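Computed from a prediction, not measured in an experiment: that's the story for all the values here. This chain uses plain numbering: 1 for the first residue, then up along the sequence.
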Amino acid sequence: MKRKIYDSPAAALDGLLFDGMTIMSGGFGLSGNPESLIPEIRASGVKRLTVISNNAGADGFGLWMLLESRQVAKMISSYVGENKLFEQQYLSGELELELNPQGTLAERIRAGGAGIPAFYTRTGVGTVVAEGKPVETFEGEEYVRETWLRADLSIVKAWKADPAGNLMFRKTARNFNPNMATAGKVTVAEVEEIVPEGSFDPDCIHTPGIYVDRIVRATINEKRIEKLTTRNRKDAA
């Protein structure tokens, strides 16, 4: 079996990056971001990237780093808010944006991994989302046709992996990661822990190792809180 475990994030990306490529990056808000791999993409200097991700990180974190270095030419995303740099670059015309309803984005990625080139959905019918796309009627209702999303490289963040590449995600960090792992020509997973082969109950594996090409132990696990809400505690006495 081909060895999948790499010694560092830089080594795990070696030979995979090129100008003009498409990258899928897992995460939802600040949960489940491949935060060890993104800085290495920045350090490589690769440019004119198309990045597929629900959002683009937050100020100083995640994909924001690639926006700040002007390495991203286009984002295919669902959520722009909270990231002022993302908003600024889009409004100034520096950054091309393909905005998707969140469920449609998830299904386009899943379709890419499943080999389904197109599907129909009611989401977006009659709005700018449907402009330029075929619309057909099924059982008296209009549906807009959406196409799959695939990438040259998928980078995902998992909780645990075994040497075969089987992955487990922790709670909400699961988000877009499992679908993206199936939709990349090459998938690199950074993980918090690498466990011996045979450690996983097969029923608990979220992403089978057949979809994962390279694994690396994460060097950054900040687990930032995007919005911290606090309240005064009652007097313990």
Side-chain angles (χ1 to χ4, degrees), residues 17 19-110 112 121 123-133 144 146-157 172-177 179-180 183-184 190 220 222-230:
L17 303 176
D19 291 347
M21 71 185 301
T22 298
I23 299 176
M24 282 188 183
S25 182
F28 185 99
L30 302 186
S31 177
N33 285 257
E35 52 197 307
S36 306
L37 292 168
I38 291 170
E40 297 301 334
I41 294 174
R42 175 171 172 144
S44 76
V46 68
K47 56 192 180 222
R48 298 193 311 276
L49 299 174
T50 294
V51 178
I52 302 167
S53 184
N54 180 66
N55 56 294
D59 289 351
F61 181 81
L63 291 172
W64 181 95
M65 295 181 180
L66 301 183
L67 293 176
E68 197 268 341
S69 59
R70 286 0 188 226
Q71 289 170 265
V72 182
K74 179 178 180 179
M75 288 291 306
I76 301 176
S77 298
S78 173
Y79 184 57
V80 181
E82 311 304 327
N83 190 324
K84 298 302 180 185
L85 182 59
F86 192 165
E87 177 185 1
Q88 173 190 335
Q89 289 188 9
Y90 169 63
L91 292 176
S92 69
E94 286 184 76
L95 181 69
E96 185 181 351
L97 171 63
E98 184 179 330
L99 197 61
N100 292 250
Q102 200 163 79
T104 300
L105 179 67
E107 183 61 11
R108 291 181 72 191
I109 295 166
R110 191 198 69 82
T121 175
T123 305
V125 171
T127 74
V128 294
V129 170
E131 289 180 1
K133 299 174 184 175
V144 61
E146 296 284 357
T147 54
W148 61 7
L149 286 172
R150 298 185 293 176
D152 299 301
L153 171 67
S154 289
I155 54 173
V156 301
K157 175 86 174 250
T172 55
R174 192 168 171 180
N175 53 64
F176 284 84
N177 280 300
N179 282 345
M180 287 187 171
E190 66 170 79
I220 304 173
E222 288 193 41
K223 295 186 172 65
R224 293 192 189 187
I225 297 173
E226 192 166 359
K227 288 188 176 182
L228 182 63
T229 303
T230 61

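Contact annotation: the side chain of Asn179 approaches that of Arg110 to within less than 4.5 Å [non-hydrogen atoms, C-beta and beyond]. Counting only heavy atoms from C-beta outward, the side chains of Val72 and Leu63 never approach each other to under 4.5 Å. Taking the side chain as every heavy atom from C-beta outward, Ile220 and Pro39 approach each other to under 4.5 Å. You'll find the side chain of Leu149 reaches within 4.5 Å of the side chain of Leu105, heavy atoms only. Taking the side chain as every heavy atom from C-beta outward, Ile155 and Ile41 approach each other to under 4.5 Å. Taking 4.5 Å as the limit, some side-chain heavy atom of Leu49 sits within range of a side-chain heavy atom of Met21. Counting only heavy atoms from C-beta outward, the side chains of Glu40 and Leu17 never approach each other to under 4.5 Å.
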Return all side-chain donor-acceptor pairs below 3.5 angstrom for residues 89-96, not counting sequence neighbours, or 'none' if the list is empty.
{"unit_1": "Gln89", "atom_1": "NE2", "unit_2": "Leu67", "atom_2": "O", "d": "2.8"}
{"unit_1": "Ser92", "atom_1": "OG", "unit_2": "Gln88", "atom_2": "O", "d": "3.1"}
{"unit_1": "Ser92", "atom_1": "OG", "unit_2": "Gln89", "atom_2": "O", "d": "3.1"}
{"unit_1": "Ser92", "atom_1": "OG", "unit_2": "Glu94", "atom_2": "OE2", "d": "3.3"}
{"unit_1": "Glu94", "atom_1": "OE1", "unit_2": "Arg70", "atom_2": "NE", "d": "3.1"}

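Residues Glu222 and Glu35 share a closest heavy-atom pair of N-OE1, 3.2 Å. Among all heavy-atom pairs drawn from Asn177 and Gly32, the shortest one is ND2-O, 3.1 Å. Closest of all the heavy-atom pairs between Glu190 and Ser36 is OE1-N, 2.8 Å. Shown here for Phe86 and Tyr79, the closest heavy-atom pair between the two residues is CE1-O, 4.2 Å. Here the closest heavy-atom approach between residue Gly26 and residue Ser53 is recorded as O-OG, 4.5 Å.
In this structure, a donor-acceptor pair under 3.5 Å is absent between the side chains of Glu146 and Thr104.
Separation of atoms OG (Ser77) and CG (Leu99) is listed at 7.5 Å; rounding is to 0.5 Å. The distance from atom CG of Leu85 to atom CH2 of Trp64, rounded to the nearest 0.5 Å, is 6.0 Å. Atom CD of Glu98 is separated from atom CD1 of Ile76 by 4.5 Å, given to the nearest 0.5 angstrom. Here the CG-OG distance, from Asn54 to Ser31, works out to 11.0 Å after rounding to the nearest 0.5 Å. One distance of note links OG of Ser78 with CZ of Arg108; it measures 11.5 Å at 0.5 Å rounding.
Side-chain N or O atoms of Asn83 include none that pairs as donor or acceptor with a backbone N or O of Asn55 at under 3.5 Å. Here the side chain of Ser154 pairs a donor or acceptor atom with the backbone of Met180 at under 3.5 angstrom. With Asn33 contributing its side chain and Gly27 its backbone, the two residues share no donor-acceptor pair below 3.5 Å. Arg150 places no side-chain N or O within 3.5 Å of a backbone atom of Ala183 that could act as its donor or acceptor partner.
At most 12 non-hydrogen atoms from other residues, nucleotides or ligands lie less than 6.0 angstrom from NZ of Lys84.
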